[in-house]
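Following: one structure in structure tokens, then a few remarks.
These numbers were taken from a predicted model, which means no experiment stands behind them. Below, chain A is the first sequence line, B the second, and so on; all start at residue 1.
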Amino acid sequence: MPTIQLPDGTTKDFPAGSTALDVANSISERLMQQTIAAEVDGKTVDSMRPLEELSESDPIPLRLFTTRDDEALGVLRHSCAHVMARAVMRLYDGVGLAFGPTTGNGFYYDFDLATPISEEDFPKIEAEMQAIIKEAEPFERFNLSRDEAVKLVDDLDQELKTEHIQTGLAEHDSLSFYRQGEFVDLCRGPHIPHAGKIKAFKLLSIAGSYWKGDANNKHLQRLYGTAFFDKKQMKAYLEQVEEAKRRDHRVLGKQHGLFTLSNDVGSGLCLWLPKGATVRALLEDFIKQELLKRGYEPVYSPHVGRVELYETSGHFPYYRESQFPPLFGHPAGQLVDYWKTQLGEGTINDDAESDFLAAAKDIGCPFDDYPFAKPADEKIAYLKAWEKHQERYLLKPMNCPHHVQMYKAIPRSYRDLPVRLAEFGTVYRHEQSGELNGMLRVRGLTQDDAHLFCTPDQVEQEFKDTLDLVKFVLASVGLEDYRVQLSLREPGSDKYTGSDELWDQAESTLRRVLTESGLPFSTAEGEAAFYGPKADFMVSDAIGREWQLGTVQLDYNLPERFDLEYVGDDNTTHRPVMIHRAPFGSMERFVGMLIEHFAAAFPLWLAPEQVRILGLNDDMLPYCEEIQKEFRTAGFRTTIDHQSANVKKKIRDAQLDLIPYMVVAGPKDKDQNGLSLRDRLEGDLGFMPTADAIAKLVEERDTRQIRQVIQSDFKGFQGGDEEANSY
RNA sequence: GCUGCCGUAGCUCAGUGGUAGAGCGCGUCCUUGGUAAGGACGAGGUCGUGGGUUCAAGUCCCACCGGCAGCUCCA
């Protein structure tokens with residue numbers, strides 16, 4: 001007879017075999033109706049399984065998940081994925097099932113299917129799903145031994161499931177399945193009690209994918225959908241998706257002349273047009289001012305560096321795949337580089353080697369004493385010795401090695417620390433072509449970068465100050481809603497550099513400062529950089545989407561690799577600690593995100609064009625110019641609309657151009673030495689003296705007021721981690 | 001990088017084998033007006049690039065370049 005403990009601490013005995021639904025029913029029938037799943041010992045479980053099967057604890061701690069809980073929504077969606085798979089199997093022959101997990105916004109299922117599915121097939125599939133839901137059949141769980149499980153999926157002709165049991169699940173002795181009518185699927189669960197709980201669902205898109213995410217594996221068709229407990233929530237979600245499409249920075253960036261991409265310049269190489277450049281320059285100026293106040297020093301570094309520099313830092317050849325190829329001073333450079341790689345991989349033969357030497361000789365490198373008969377590593381050493389005298393440059397993939405050289409340029413005493421070197425540093429990364437996305441993912445980007453070199457004792461204060469800076473700059477553009485992800489090392493893993501002691505110290509420092517800061521944060525084990533733990537800012541935008549922007553990283557690795565030192569108060573040398581930090585991340589990504597956040601309607605302080613002056617007729621042009629002069633003197637970016645059109649047309653154009661303020665100037669305004677002001681949000685504000693209008697705008701600009709953002713009440717959009725329900 | 005789809009005027013798009021179209025924008029002229037589109041006329045395209053098929057290619061085929069969606073990746 002199990003004893004159940006509810007979250008409020010009360011305990012109660014139930015007959016053997018009682019389920020979470022029985023417990024809910026004992027409280028009220030209504031609660032039972034709303035119960036979707038349960039939590040036992042911190043794990044989400046089926047509401048229809050006997051509780052004593054689920055826990056050894058006494059009493060058993062139980063929490064009921066109802067339609068109001070996010071956990072329940074995940075369970076619902078996963079069950080809906082099963083319903084979708086069942087519908088697809090009814091409609092098509094020879095459907096192979098792969099995985100069908102939930103995502104932050106819905107679910108998908110991967111199918112191995114000869115017939116291509118297209119969006120035109122969605123109504124058909126949705127109708128079949130609706131029929132299944134109407135039947136409201138229960139989800140029934142059963143366990144099988146490995147052998148029985150293999151036999152079952154074999155009988156069902158599910159080759160992928162067979163493979164998965166034999167490889168991915170090799171360590172499981174017993175495997176769970178769920179049956180719903182004729183549909184049986186290998187699945188960890190949990191599920192909703194019956195299909196009737198799905199009150200709103202929709203298929204969203206079809207896409208290609210690969211078995212287990214590997215491009216060498218079988219190609220699959222992935223069908224995406226979403227589900228909710230009621231139609232209203234789903235409608236809100238779908239509207240949010242539409243709103244996101246309307247805010248696409250690639251469309252708005254083109255429409256408003258913010259940035260452009262050119263085939264001839266190259267993929268992922270963003271061209272900042274005057275208006276976009278204005279926004280960026282304002283943000284950069286703003287940050288520069290702030291950094292000066294906080295003790296940072298500006299530096300500049302070139303866009304290339306010798307390959308040796310990145311060999312020392314450890315980024316070359318490790319990240320070679322995502323770097324632009326090296327620039328070689330000698331024509332044989334590339335040849336030698338290639339040959340070295342071949343030697344390293346052991347994919348060579350004598351003929352190829354002779355060809356290589358002949359080719360090298362042709363372009364001026366006889367290599368007379370090449371160690372022909374020696375092992376590959378001696379040959380590599382020989383070629384490396386040659387390379388050492390050659391020029392080999394890399395477009396810089398990060399700024400740290402350059403800043404490190406600046407630190408090393410002069411001897412440092414503990415009295416000089418912390419040293420804070422800041423630069424808008426442009427770096428180049430050869431991202432895969434399929435990854436490029438407008439300004440959000442590019443190949444040339446400018447980080448609002450800085451490196452802090454400090455003593456171990458100073459780390460805590462510096463980290464605290466950095467958090468404070470990030471909070472301040474985000475608030476200045478109206479981004480107040482964010483959380484921090486603290487990325488820690490994976491315990492027991494050997495892929496990190498630095499002693500356990502340093503890591504423990506670094507991680508506990510970050511954790512302590514984050515806790516004291518009051519910022520919401522979550523931890524992610526195994527997500528740390530190889531050189532140290534980091535704190536990433538996950539920022540929510542106006543319509544509730546989350547973006548990873550700024551980052552703060554502790555680094556014990558580069559100081560070691562570059563042998564950085566300072567002289568301590570004990571007159572011996574010590575190793576400084578480095579902090580990498582970029583509040584915006586990159587200017588490209590940040591401005592791209594801001595375009596979507598504001599839907600290109602930038603607040604007054606950031607608007608490329610702040611005030612547009614509209615004359616009532618052409619006779620007013622001289623007066624418009626007088627007004628413009630006064631606004632310009634006050635530091636505003638303004639233009640005069642010279643169209644020979646009526647004021648309605650000029651206002652419409654200015655509204656569509658998202659200009660924060662319009663000045664309408666007619667004879668009546670001129671007579672009274674003033675203007676009529678129009679706010680893009682409020683409309684006509686009526687007549688006011690020019691000085692008053694300017695004072696009003698100066699106030700709004702200098703306090704960096706944010707007036708136009710719609711704050712969404714839809715939370716969790718694009719949020720949340722993927723949940724792997726399918727084992 | 002992989003799979004699929006796409007590439008026509010500055011922008012958004014129509015045009016499926018027989019001499020290139022619309023709307024918006026742009027230019028000129030008329031209009032001179034009070035808070036989201038006044039009117040007329042006009043300029044503008046070797047249809048992404050290179051091959052091929054055909055009497056004939058924007059249209060069909062191939063390759064390349066670029067874009068989009070998804071996958072994979074992101075120091």
Check whether any side-chain nitrogen or oxygen of [X] sits under 4.0 Å from OP1 or OP2 of [N], and answer yes or no.
X        : N     : answer
A:Arg429 : B:C74 : no
A:Tyr224 : B:C71 : yes
A:Lys650 : B:G34 : no
A:Ser433 : B:G1  : yes
A:Lys218 : B:C71 : no
A:Asn646 : B:G38 : yes
A:Lys648 : B:A37 : yes
A:Arg652 : B:C24 : no

Roughly how far apart, to the nearest Å, are [N] and [M] at atom [atom1]?
N     : M     : atom1 : value
B:G17 : B:C74 : P     : 48 Å
B:U28 : B:A20 : C1'   : 25 Å
B:U12 : B:G45 : C1'   : 16 Å
B:G23 : B:C65 : C1'   : 30 Å
B:U8  : B:A43 : P     : 23 Å
B:A22 : B:G44 : C1'   : 14 Å
B:G48 : B:C6  : P     : 13 Å
B:G1  : B:G58 : P     : 30 Å

Problem set entry | Any side-chain donor near an acceptor of the partner, A:Glu163 and A:Trp211, under 3.5 Å |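 Yes, a side-chain donor-acceptor pair sits under 3.5 Å.
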Problem set entry | Between A:Asn399 and A:Glu423, a side-chain donor and acceptor under 3.5 Å |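 Per modelled atom types, A:Asn399 and A:Glu423 side chains form no pair under 3.5 Å.
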For this session: Hunt down the Watson-Crick or G-U wobble partner of B:C13, both distances under 3.5 Å, from any strand shown, or write none.
Result: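 B:G21 is the nucleotide pairing with B:C13.
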Let's test your reading of the model: under 3.5 Å, does the base of [N] pair with the side chain of [X] as donor and acceptor?
X        : N     : result
A:Ser676 : B:G34 : yes
A:Asp684 : B:G34 : no
A:Arg441 : B:C73 : yes
A:Ser313 : B:A75 : no
A:Glu435 : B:C71 : yes
A:Tyr319 : B:C74 : no
A:Asp618 : B:U32 : yes

Problem set entry | Salt-bridge contact A:Lys534-A:Glu527 (side-chain N to carboxylate O under 4.0 Å) |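 Salt bridge between A:Lys534 and A:Glu527, a charged N being under 4.0 Å from a carboxylate O: no.
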Problem set entry | SB check A:Arg392 A:Glu308 (cutoff 4.0 Å) |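 A salt bridge is present here (some side-chain N lies under 4.0 Å from a carboxylate O).
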Problem set entry | side-chain hydrogen bond (donor to acceptor under 3.5 Å, both in side chains) contacts in which one or both residues fall within residues 647-657 of chain A, not counting sequence neighbours |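 Sorted result for residues 647-657 of chain A: A:Arg612-A:Asp657, A:Gln643-A:Asp653, A:Lys649-A:Asp653, A:Gln655-A:Arg678.
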Exercise. Are A:Arg77 and A:Phe107 in a cation-pi contact, defined as NZ or CZ under 6.0 Å from the six-membered ring centre and within 45° of the axis?
Worked result: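 Cation-pi check for A:Arg77 and A:Phe107: fails.
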Exercise. When the nearest nucleotide of RNA chain B is assigned to A:Gly615 and to A:Gly268 on a heavy-atom basis, which residue is associated with the more 5' position?
Worked result: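 The residue mapped nearer the 5' terminus is A:Gly615.
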Problem set entry | 5'-most by nearest nucleotide on RNA chain B - A:Ser267 or A:Ser205 |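 Of the two residues, A:Ser267 wins.
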Problem set entry | For atom NE2 of A:His642 and atom P of B:U32, their distance in whole Å |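 After rounding, the reported distance stands at 19 Å.
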Exercise. Just how far, in rounded Å, is C1' of B:A75 from CD1 of A:Ile579?
Worked result: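 The answer, rounded to whole Å, is 18 Å.
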Problem set entry | Donor-acceptor under 3.5 Å (A:Glu159 side chain, A:Gly96 main chain) |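 Absent.
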